[in-house]
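For ligands, and for the atoms within them, numbers begin at 1 and follow the listed sequence.
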Amino acid sequence: MNTPDIASPDFPSPDSPHIPVLLSEVVAALSPRDGGVYIDGTFGAGGYTKALLEAADCKVWAIDRDPDALARGATLVERFPGRLHLIAGRFGDMAKLLAEHGVRNVDGIALDIGVSSMQIDDRARGFSFLRDGPLDMRMERAGRSAADVVNTLPEKDLAEIILTFGEEKHARRVARAIVKARVERPFSRTLHLADVIRAEVRRAHDGIDPATRTFQALRIYVNDELGELDRGLRSAEFLLRAGGMLAVVSFHSLEDRIVKTFMRTRSAEAARPSRHMPASAVKGAAPTFRLVTKRPTVPGDDEIARNPRSRSARLRVAERTDATALASVDGGLA
Ligand SMILES: C[S@@+](CC[C@H](N)C(=O)[O-])C[C@H]1O[C@@H](n2cnc3c(N)ncnc32)[C@H](O)[C@@H]1O
């Protein structure tokens, strides 16, 4: 069962600024040191970046694919002269992006997957099914929008996307309704789509808006979020030096499964047939990570009370070993 997505626009206080999730836990996981070099792969409102820069006299390379987020980060760059560098791009490309700046190894990487409160709350970005806006959902403001997807994809493909990325059990019915409605009037607004979904799927006992899962699915598809996560984890393996820490916060089961599987496989925890057998014996490759969090860290009641959007967050942490990275990363770096 999918947990409610933090990035869904159905949480309270829609106009709140972004509050960093599991902040002290992420900083503790990276435990920044003077002279260290860190990557914040999801800069957002700069919550993690600022905390890392305050915790030690270190450098942070902060990446975001959203040009609005980077524009807002300019004041933080001024506040930490020579210590913060903002990069426009995707964390899936971080090995290549950092290599362009001559950086090949780092001491820690934080990823806070999903969308920020600013993105959700700005109706013009088209993530909200509660407030009308253009049906956009592109974090990068480039490429195929959600409207392009629902107006052009065959019914079968739409159903597949809604089922896989939204875990919506009525995916086929929703896809059929979308295809029928777009013949009369192509979709261009969020509320048009939300109304079509609501007419098809009844509100469940848990009170979650029936549009939640389909909007989540479209957002993940439009931004290739799971592909990015996969590439991001492999890039992290490539970039982290021995002893370097990887901390990933995710907000729904699809993402958490990818992070869990990656960390378990790379630390050989899952594959090891016997706990007496050394991990290095598994598949002939030495583990590239050591699991730090066997179970994910979740926000406490206090944090959830302060920030309801944190309630489905899960933090997983792993430490890089000195073994050679198992996978090459896109961009011909390995
Ligand atoms: C949850 S917010 C991060 C908030 C941040 N940790 C803070 O404390 O302010 C996620 C941010 O990551 C960005 N993002 C999502 N996927 C990305 C990707 N593949 N590459 C780069 N940035 C991404 C989004 O644009 C958004 O600004």
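A pairwise comparison of heavy atoms in Met245 and Leu240 identifies O-CD2, 3.7 Å as the closest pair.
Judged by distance alone, the side chains of Glu228 and Asn223 never bring a donor and an acceptor atom under 3.5 Å apart.
Ligand 1 is never approached by Glu140 to a heavy-atom distance shorter than 4.0 Å. Under a 4.0 angstrom heavy-atom cut-off, Gly232 registers as lying outside contact with ligand 1. At least one heavy atom of Phe43 sits less than 4.0 Å from an atom of ligand 1. Using a 4.0 Å cutoff on heavy atoms, Gly46 counts as a contact of ligand 1. Within the 4.0 Å heavy-atom cutoff, Gly89 counts among the residues contacting ligand 1.
Between Ala45 and ligand 1, a contact under 3.5 Å exists for at least one N or O pair. Distances between N or O atoms of Val115 and those of ligand 1 include no value under 3.5 Å.
Of the heavy atoms in His18, only side-chain atoms (C-beta onward) come closer than 4.0 Å to ligand 1. The residue Leu23 has no part lying near ligand 1, judged by heavy-atom distances below 4.0 Å. Contact annotation: for Gln119 versus ligand 1, heavy atoms closer than 4.0 Å belong to the side chain alone.
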Worksheet item: Hey, mind stepping through Thr297 and Glu25 against side-chain hydrogen bond (donor to acceptor under 3.5 Å, both in side chains) and telling me if it holds?
Response: CA-CA 8 Å; Thr297 304; Glu25 291 84 349; over 6 Å; no
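Gly47 N, 3.3 Å is the protein heavy atom nearest to atom 7 (C) of ligand 1.
With respect to the salt-bridge test (charged N to carboxylate O, under 4.0 angstrom), the residues Arg141 and Asp136 do not qualify. A salt bridge does not link Arg241 with Asp322: every distance from a Lys NZ or Arg NE/NH1/NH2 to an Asp or Glu carboxylate oxygen is 4.0 Å or more. Between Glu155 and Arg172 no salt bridge is recorded (no basic side-chain N to carboxylate O distance below 4.0 Å). Between Glu160 and Lys156, none of the side-chain N atoms (NZ, or NE/NH1/NH2) sits under 4.0 Å from a carboxylate O, so this pair counts as no salt bridge.
You'll find the ring centres of Phe289 and Phe262 inside the 6.0 Å limit.
Partner of Val249 under the side chain to side chain contact (heavy atoms under 4.5 Å, CB included) criterion, chosen from Leu23, Asp112, Val317: Asp112.
Of the candidates Asp64, Asp66, Asp40, Ile63, Asp64 brings a heavy atom nearest to atom 27 (O) of ligand 1. Within the set Ala69, Gly114, Ser117, Gly41, the minimum heavy-atom distance to atom 10 (C) of ligand 1 is found for Gly114.
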